[in-house]
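Below you'll find the structure, written out as structure tokens, and then a few comments.
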Amino acid sequence: MARSGVFIDGSWTADGPVLEIFDPSDTRVHVDTVVSGTADDLRDATQSALAAEESWRNTTPEDRAGVLRAAAQLLRDRANWIATAMVSEEGKTFKEARGEAVRAAGTLDYHADQALSMQDQVLLPIRSGAVTTVRRRPVGPVAVISPFNFPLLVPAWKIGPALAHGNTVVWKPSPLTPLTSINLMQLFDDAGLPRGVLNMVVASGEATADGLIGTPGIKAVTFTGSTAAGRAVQARLAGLDTRVQLEMGGNGPAIVLAGVDVGQVASEIARGAFASTGQRCTGIRRVIVVDQVEDFENALVAAAEGWNVGPGMDPTSDIGPLVSAAAQKAVRMRVDRLRAAGCAVLTGGDPVTGEARKHGHYVHPCIVTGLDPTSALAGEEIFGPVVVVYRVESPAEAFRLANATSFGLSAAVFSSDASDAMAAADSLQFGTVNMNFAGSVAAHVPFLGWGDSGFGPAEQGETAVEFFTRTQVVNVHGDDDG
Ligand code: UN1
């Protein structure tokens, strides 16, 4: 029987387009059938979130933290089977999927703690005998739009703070990962979340544009996805009383300066480029190497060729397939365009052949050189395991090239001199700068993009509070003040 991808006001119902899910590692395997939702479902979900708003807003922080902690515990208890379902629809390795489940649980715990550590501020009074308090109140129903590539972690870092700070939610996950989303929704329900507080509708982009973005009642939209889709959300909300937070694409550079251990840096850059099959907006896409560093290309090719491509459930696989046939086609077309632009493909870029692999959306990790940094192609994001290596004469040129992009999510710098870190951060126009490290994201650390990579208050960390609450000032006058 088909599973429902729609959870509204405490019940699973669905009567929309049917999604057939095939295993990205072998598309002959039919995994499941999910019934998705429509624009009408999204409007119903918004009504449900509105109806539940007042009672959820008036719960205590202990109540809200308690539900989030219970959900985190269930996520840990169910991590193996939730990760298995994720691998079967998204393609990442089991190790990555299980790690993501554990990190998502930690993220929910973090936001539970944050709910409890909020403090009102008491200011000096405006008049004698008065008390002035500044406090943070919920904003109202929040729309959460999350992508396929981290189908537990990104929802956790949006839904977690939304609920922790007293908001109800309409969650629209990616239609590419409905099973993971259904599992997460079920887990919140099992954790005792009151009905209507979190509603989920697996839906297409068109249904979302029609039924959710700009729908009266939604007070805030937090979005992670492509820059084009994010900008469309933002344009649609112009002039409305709806706040917006966007986390979008990237074109992350890694700068390699003189004096580094070439083998070690190459393997760390490979991790930044190929983890999650390169389907990360924070992924390394461009490697900018100063001329003094010799043999870096060979080291990077050796590192790339060390990544074992295979099904996510095979413990010997380091990199799984791309999420879909369309994603695989887009990556292969990009590699063809790079070849046509005169680039050398040093390794990878081809689909994996052989009986066991040819039915999956695999692409070998790919290293390219010789791209003109001023070409349009150099500025486009590649959502897959492909990196372009550039050579430059000086660190100054490396920083200039790193900044020559409209994106500004994260950048890495590899140097033998730790004192370069702050100078690097001063010159790089990115929300996160990682020194001698390909990067990672954590619940207690703010996460944001500059330029075409992000808009609105940072997610995660203490800054998460800004987006999910609004400020209220309360002035209480004493009796004698008239
Ligand atoms: C992570 O790398 O652990 O796609 C999460 C991205 C972010 C999530 C990163 N939206 O890179």
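We count residues from 1, following the sequence as given. As a basis for the values below, the full set of heavy atoms in this structure was taken, side chains included, without hydrogen atoms, waters or symmetry mates.
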Trace of the side chain to side chain contact (heavy atoms under 4.5 Å, CB included) decision for Phe22 with Val31
CA-CA 5 Å; Phe22 294 93; Val31 176; 5.7 Å; no

Check whether [X] reaches the backbone of [Y] with its side chain - one donor and one acceptor, N or O, closer than 3.5 Å.
{"X": "Thr168", "Y": "Ala49", "answer": "yes"}
{"X": "Arg286", "Y": "Asn251", "answer": "yes"}
{"X": "Glu96", "Y": "Ala275", "answer": "no"}
{"X": "Ser204", "Y": "Ala207", "answer": "yes"}
{"X": "Lys158", "Y": "Glu459", "answer": "no"}
{"X": "Asn167", "Y": "Ala162", "answer": "yes"}
{"X": "Ser174", "Y": "Leu176", "answer": "yes"}
{"X": "Arg285", "Y": "Ala273", "answer": "no"}
{"X": "Arg136", "Y": "His165", "answer": "no"}
{"X": "Gln245", "Y": "Gly456", "answer": "no"}

Is any NZ, NE, NH1 or NH2 atom of the basic residue among Arg231 and Asp452 found under 4.0 Å from an Asp or Glu carboxylate oxygen of the other?
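Salt bridge between Arg231 and Asp452, a charged N being under 4.0 Å from a carboxylate O: yes.
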
Would you say the side chains of His30 and Glu20 form a donor-acceptor pair under 3.5 Å?
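Looking only at side-chain atoms, Glu20 and His30 do form a donor-acceptor pair, the distance falling under 3.5 Å.
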
Ser25-Asp23 side chain donor-acceptor pair, cut-off 3.5 Å
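On atom types as modelled, these side chains qualify, holding a pair under 3.5 Å.
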
Sub-4.5 Å side-chain heavy-atom contact between [X] and [Y]:
{"X": "Ile159", "Y": "Val142", "result": "no"}
{"X": "Val392", "Y": "Val289", "result": "no"}
{"X": "Val170", "Y": "Leu42", "result": "yes"}
{"X": "Tyr362", "Y": "Thr277", "result": "no"}

Might you confirm whether atom CG of Asp426 has over 12 heavy atoms from other residues, nucleotides or ligands at distances under 6.0 Å?
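More than 12 heavy atoms, drawn from other residues, nucleotides or ligands, come within 6.0 Å of this atom.
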
CE (Met422) with more than 12 external heavy atoms under 6.0 Å
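12 or below, so no.
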
Between Trp171 and Phe7, is the ring centroid distance below 6.0 Å?
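No, too far apart.
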
Please test Ile145 against Val221 for side chain to side chain contact (heavy atoms under 4.5 Å, CB included), starting from the C-alpha separation and ending with a verdict.
CA-CA 8 Å; Ile145 302 176; Val221 178; 4.0 Å; yes

Using the side-chain hydrogen bond (donor to acceptor under 3.5 Å, both in side chains) criterion, which residues pair with Arg98? Sequence neighbours excluded.
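Here the qualifying residues are Asn80.
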
Verdict with supporting geometry, Phe148 and Glu90, side chain to side chain contact (heavy atoms under 4.5 Å, CB included):
CA-CA 7 Å; Phe148 76 86; Glu90 203 270 354; 3.5 Å; yes

For Glu89 and Thr180: C-alpha separation, side-chain torsions, deciding distance, then whether side-chain hydrogen bond (donor to acceptor under 3.5 Å, both in side chains) applies.
CA-CA 8 Å; Glu89 63 183 355; Thr180 308; 2.5 Å; yes

Straight-line distance of [X] [atom1] to [Y] [atom2], nearest 0.5 Å:
{"X": "Gln234", "Y": "Thr227", "atom1": "CD", "atom2": "OG1", "answer": "10.5 Å"}
{"X": "Leu448", "Y": "Gln460", "atom1": "CG", "atom2": "CD", "answer": "11.0 Å"}
{"X": "Leu75", "Y": "Leu187", "atom1": "CG", "atom2": "CG", "answer": "5.5 Å"}

With respect to Phe383, which candidate in Arg280, Arg334, Gln279 satisfies the side-chain contact (heavy atoms from CB on, under 4.5 Å) definition?
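Running side-chain contact (heavy atoms from CB on, under 4.5 Å) over Arg280, Arg334, Gln279 with Phe383 returns exactly one hit, Gln279.
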
Can you name the closest pair of heavy atoms from Gly91 and Pro321 and give their distance?
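Taking every non-hydrogen atom into account, O-CD, 3.2 Å.
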
Any ring-ring contact (aromatic ring centres under 6.0 Å, His included) pairs touching residues 316-341, not counting sequence neighbours?
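Not a single pair qualifies under ring-ring contact (aromatic ring centres under 6.0 Å, His included).
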
Think Lys92 forms a cation-pi with Phe150, using NZ or CZ under 6.0 Å from the six-ring centre and within 45 degrees of its axis?
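Flagged: Lys92 positioned over aromatic ring of Phe150.
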
After noting the C-alpha distance and the side-chain angles of Val139 and Arg243, does the key distance pass the side chain to side chain contact (heavy atoms under 4.5 Å, CB included) rule?
CA-CA 9 Å; Val139 284; Arg243 28 175 97 175; 3.5 Å; yes

